[in-house]
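Since the model is a prediction, treat every value here as computed from it, not as a measurement. Excluded from the calculations below are hydrogen atoms, water molecules and symmetry mates; all remaining heavy atoms, backbone and side chain alike, are included.
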Protein chains: 2
Amino acid sequence: MPHRNFRILQGYLVQLVHALMSRAVTLKDVARTAGVSVSTVARVIHKNGYVAPETRKQVEAALEQTGYRINVLARGLRKQRSYVIGHILKATFPNLFYVQVSLGVEQCAREKDYGILAYNIQGDPERERLGVEMFIRRRVDAIIFTTPTELSNLQLALDAGIPVVQVERPVTADMNRLVVDNYTGAVAAMEHLIGLGHQRIAFIGQDPASEANPHVRYVEEQRLGAYLETLTAHGLPVDRDLIAFGRHYFLDVRRYSGDGRRLADHLLEVTPPPNRHFRHRRPVGGGRAAIHPRAGAARARRHFGRRL
Amino acid sequence: MPHRNFRILQGYLVQLVHALMSRAVTLKDVARTAGVSVSTVARVIHKNGYVAPETRKQVEAALEQTGYRINVLARGLRKQRSYVIGHILKATFPNLFYVQVSLGVEQCAREKDYGILAYNIQGDPERERLGVEMFIRRRVDAIIFTTPTELSNLQLALDAGIPVVQVERPVTADMNRLVVDNYTGAVAAMEHLIGLGHQRIAFIGQDPASEANPHVRYVEEQRLGAYLETLTAHGLPVDRDLIAFGRHYFLDVRRYSGDGRRLADHLLEVTPPPNRHFRHRRPVGGGRAAIHPRAGAARARRHFGRRL
DNA sequence: TTGTATGCGTTATCAA
DNA sequence: TTGATAACGCATACAA
């Protein structure tokens with residue numbers, strides 16, 4: 001289709017000419033059109049120092065007329081800040097948790113006029129290192145690890161003078177970290193359900209007693225503890241048949257860089273069938289008591305012992 | 001927990017001191033330790049111009065010793081390039097299509113040592129404009145719109161001399177665009193299924209004849225056309241009962257900025273139940289013939305007319 | 001109240 | 001074969 005190819009070529013050329021012809025407006029340009037010096041323009045823009053009212057008028061008119069936009073790179077070079085935060089993500093696909101976190105990070109940064117440079121490592125520690133290296137070259141002002149993989153990579157950033165924060169699954173307690181409070185969250189979920197009048201509530205999760213990963217074990221202990229504690233606090237019975245343990249979800253994201261088919265295969269392979277039916281049970285009257293995470297975790301252990 | 005708070009405070013302080021004490025190594029530092037000028041170091045780094053072998057040795061040693069890392073911002077100021085591409089996304093959550101695109105964009109950019117600055121607009125044209133403005137201030141080298149919302153925002157970027165590309169759902173034919181070839185994709189899917197021996201294949205999609213959005217209509221026409229064409233090419237019968245029209249998925253992402261509950265409500269509300277049963281049908285012998293998109297779309301129209 | 005001059009870290013030109 | 005220097009666009013200390 002020669003006509004179509006021509007249009008495409010034309011599109012490229014138009015943009016190329018645009019890009020080559022146009023030079024971004026600088027402070028100097030504004031100063032020239034306003035008939036003042038660059039520092040006067042700077043004073044107007046930053047609203048510091050004294051500027052005569054009429055001079056200000058002229059400068060503002062010139063700013064309007066030229067369509068000046070600050071060059072963040074140049075400002076960054078001068079102020080020794082890039083106004084960029086690096087975000088290293090363990091995986092976005094297919095886990096929407098990471099997507100939600102990156103959305104939140106981006107929105108929050110935007111309010112402070114910061115940009116987010118995302119770097120997806122697909123679970124690969126070596127890529128994580130490469131990401132840190134790139135961020136150092138770009139002089140990012142901070143690095144967020146969601147979630148961190150190797151301590152050495154955190155240290156690498158720190159040695160370059162870049163502050164870091166670990167989001168979930170911290171690999172060290174010696175650096176900033178932000179973790180989900182699973183206990184409070186699970187209590188809130190339970191309170192919500194009980195508040196709606198439900199009394200036969202099931203728990204689906206991994207078995208803390210047989211979980212090797214310490215982080216996962218901790219998380220599951222908190223959740224299960226909250227579940228048991230809240231039930232008891234409301235005078236509801238604990239029914240072992242309503243607790244389904246099992247690895248319901250697991251993915252090694254390194255194996256799935258955009259390959260949807262292998263992903264689907266693997267999901268089918270590792271997801272076990274439901275391991276028991278939830279039997280119907282007569283509801284029991286409510287109640288309310290103080291609930292504490294420590295007590296909840298302890299109760300989880302007492303209730304099920306080391307082995308289930 | 002005073003002990004825990006102390007550790008957190010300590011973490012902050014350690015990082016603060018790190019950040020304040022450390023100054024990034026510059027070319028000048030390397031030059032000083034190597035006992036040469038900055039331009040000699042630059043020549044070694046960029047492998048252009050002539051450098052005496054021993055001088056090179058010294059410089060390389062100094063580079064190693066100091067741990068020099070180029071300052072991309074400074075280079076960008078000088079070379080009038082930011083080595084950053086802006087990526088405006090209509091939505092990432094809950095649509096994994098956008099996530100996949102942004103992953104691909106990022107990987108590809110990385111190979112060319114480019115960074116990706118993502119800007120999520122949640123379907124809001126005004127945010128799209130703000131995104132373009134931010135990208136102009138940061139002097140990004142190009143902007144990708146996945147997917148574009150307003151033509152004026154594309155024009156805004158172009159006027160600032162920044163090349164743009166529209167990914168799917170182009171709002172104009174006059175600027176670069178990259179679109180999915182739905183016809184070829186659907187043919188491939190059909191060939192795959194037929195190749196596996198399947199002969200009773202259903203089509204689920206929207207009705208092109210009653211679709212108001214021109215883009216969606218075009219997409220559905222291509223897909224349905226490919227479906228019909230491929231069936232016929234293989235000598236398989238077209239069974240109207242195997243074609244299910246209906247709006248199976250729709251989301252106005254502006255309404256769901258992280259509110260999972262309302263999202264779930266809406267999904268349940270707009271997703272209709274399956275509109276017919278797929279009846280069993282006897283398979284019919286195969287065959288193979290040439291297939292063309294235009295013919296496919298025409299066949300779709302002939303087969304079902306304006307109204308179905 | 002305004003302007004001049006310097007430096008941020010690079011690249012590139014030109015002279016030595 | 002190497003070094004001095006200007007320029008990129010901005011912020012700021014200081015001079016006028």
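What you find for B/Arg69 and A/Glu133 is that their closest heavy atoms are NH1-OE1, 2.6 Å.
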Spell out protein contact along nucleotides 5-15 of chain C as letters: B when the base is contacted, S when just the sugar-phosphate is, - when no protein heavy atom is under 4.0 Å; keep the 5' to 3' order.
--BBBBBB---
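Between A/Val165 and A/Phe145, the closest side-chain pair of non-hydrogen atoms is not below 4.5 Å.
The outermost nucleotides of DNA chain D lying under 4.0 Å from heavy atoms of chain B, listed 5' to 3', are D/dT1 to D/dG9.
Looking at B/Glu168, its side chain never comes within 3.5 Å of a backbone N or O of B/Val179 through a donor-acceptor pair.
Here CG of A/Leu63 is found 8.5 Å from CG of A/Leu27. Values are rounded to the nearest 0.5 Å.
Using bins of under 30°, 30° to 60° and over 60° for the plane-to-plane angle, the ring pair A/Tyr119/A/Phe135 lands in the perpendicular bin.
With sequence neighbours excluded, no residue forms a side chain to side chain donor-acceptor pair (under 3.5 Å) with B/Arg78.
For the 3.5 Å distance criterion, the side chains of A/Asn120 and A/Tyr98 fail to qualify, holding no donor opposite an acceptor.
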